[in-house]
K.L.:
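So that we are looking at the same thing, I have put the structure below in C-alpha cells.
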Amino acid sequence: MEVRVRIAPSPTGSPHIGTVWQALFDYVFAKKNAGKFILRIEDTDRARYVPESEKEIFETFKWLGLKYDEGPDVGGDFGPYRQSERLEVYKKYADELVKNGLAYEDEGAIRFKTEKDGVTSWSDLVGDKKITFENSTQDDFVILKSDGYPTYNFANVVDDHLMEISHVIRGNEFISSTPKHLMVYKAFNWQIPQFAHLPVLVGADRSKLSKRHGAKGALEFKKEGYLREAILNFLALLGWSHPQGEEIFSLDEMIKFFDFKDFNPASAFFDTAKLDWLNGEYIRRMSDEALEKVLDEYLVDHPVKGKITPLIPLVKDRIKKLSDFI
Ligand code: GLU
C-alpha cells in the first residue's frame, strides 16, 4: 500500500508554527517511504473562516520547501482538496449511514449512532502504545449540520478514506476524537489508517505553546530573519532526535534517518534561544556570497541594500538572525 499522508489545516488565521512542525513530519515520512504528501484545506467551520489564511498556508509551505504532491493549488487525482467544495460527498455518505440505521436525523442535523458497549482502541506510532477508550464515553455526535456542512469528525474521516491516507499524523489534542473516527471507519467497513499523535508543543513555562510565549505565525519567522534550513532543523529536533545524536543536519539527512520510534511521546519544548543559536550556526556555515545574497533579499527597502559586500565579514560571526544585521 502506498504511503499517503496529509496536513489538514483549517484556514482560521495565519498558519501556526505547530502546523509547520506537523507538516515537516508528514513530508519527511512521505519522502522516506517514496509516498505522497497532500494538503487538504478543512474549511467547514464557516464562523472561524479567514479568507487570507489559505494563501498564507500556501506561502508558508513554499517558503520552507515543504512541497506537497497534491493540494488545492496544485491539483491531483483525489480532489477537490477544499472541504467546502465536497459538500455533496459528505451528504451522500451521511445519507448512507441514515439508510443503514447507523445515523439519524435530529432537528435538521444528522447524528452518528455511537456504539455504547465495549471499547475502541488503536496502537499509536508515537510511543508505540495502545490507546483505549470505553465506548460509553462517546455521545451520539453530529456529522452533518443543518446548514449542510459536515463536522470535522465526519469530513476528516470521509476524506482520509477517499484520499487513501495511509498514516494520519496530527497533534495529540485529537486523541479524544479518534474513537469517534474509528467508529465511522467501522460503520462503513473502511480500512483504518495508522495513527501518529504528536506530543504537545510547550513554551518555557511548560504550558501549551501560544501567543503568550511569543509563538508567532510561521511567516513571522521569515520576517524576523530566520533561515528556512534553520527552522526545519529546529522543528525536527522538537520531539524527534537524530539516532546519532546530531544537532545540526539537513532535511535530506532527516529523511534518511527518520523513524517514529525515535519520537519522544512527552511534550516538546519550543526553545527560542535554541532556534536563535541554530540560526546563527547556519549563518556562520554559509559562504560570504551566499550570506550576502540572503541578506540583500531580506533588506527589501533598506538604504544599504546593494552596498553590503564589505560588511559581510564583520557581521557574519555576530548575527543570529538576519534582522540583527540592521
Ligand atoms: N483541521 C484539523 C486541524 O485544524 C485537522 C486535524 C487532523 O489532522 O485530523 O488541525
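First listed ligand is number 1; within each ligand, the first listed atom is number 1. Each residue takes its place number in the sequence, starting with 1.
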K.L.:
Below 3.5 Å, N or O to N or O, backbone or side chain included: is there any such pair between Pro9 and ligand 1?
P.N.:
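No, Pro9 has no N/O under 3.5 Å of an N/O on ligand 1.
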K.L.:
Looking only at protein heavy atoms, identify the closest one to atom 1 (N) of ligand 1 and say how far it is in Å.
P.N.:
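Residue, atom and distance for the closest contact: Glu42 OE1, 2.6 Å.
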K.L.:
Of all the non-hydrogen atoms in the protein, which one sits nearest to atom 10 (O) of ligand 1, and at what distance?
P.N.:
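Result for atom 10 (O) of ligand 1: Phe174 CZ, 3.4 Å.
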K.L.:
What atoms of ligand 1 come within less than 4.0 Å of a heavy atom belonging to Asn156?
P.N.:
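Counting atoms of ligand 1 from 1, those under 4.0 Å from Asn156 are 7 (C), 9 (O).
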K.L.:
Do the ring planes of His242 and Phe249 sit parallel (below 30°), tilted (30 to 60°) or perpendicular (above 60°)?
P.N.:
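Judged by the thresholds at 30° and 60°, the geometry between His242 and Phe249 is tilted.
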K.L.:
Check for me whether Arg6 has a heavy atom closer than 4.0 Å to any atom of ligand 1.
P.N.:
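Yes.
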K.L.:
Indicate, with yes or no, if the rings of Phe258 and Phe260 have centres closer together than 6.0 Å.
P.N.:
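Ring centres of Phe260 and Phe258 closer than 6.0 Å.
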K.L.:
As an exercise, identify every atom of ligand 1 less than 4.0 angstrom from a heavy atom of Ser10.
P.N.:
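By the 4.0 Å cutoff, the relevant atoms are 1 (N), 4 (O).
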K.L.:
Taking the six-membered ring for Trp and the single ring otherwise, decide whether the centroids of Tyr93 and Phe188 are under 6.0 Å apart.
P.N.:
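Ring centres of Phe188 and Tyr93 closer than 6.0 Å.
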K.L.:
Once the angle between the rings of Phe37 and Tyr68 is folded into 0 to 90°, is it parallel (under 30°), tilted (30 to 60°) or perpendicular (over 60°)?
P.N.:
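Because their plane-to-plane angle is over 60°, the rings of Phe37 and Tyr68 count as perpendicular.
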K.L.:
So does Asp296 pair up with Lys305, basic N to acidic O under 4.0 Å?
P.N.:
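Here Asp296 pairs with Lys305 in a salt bridge, since their nearest N and O are under 4.0 Å apart.
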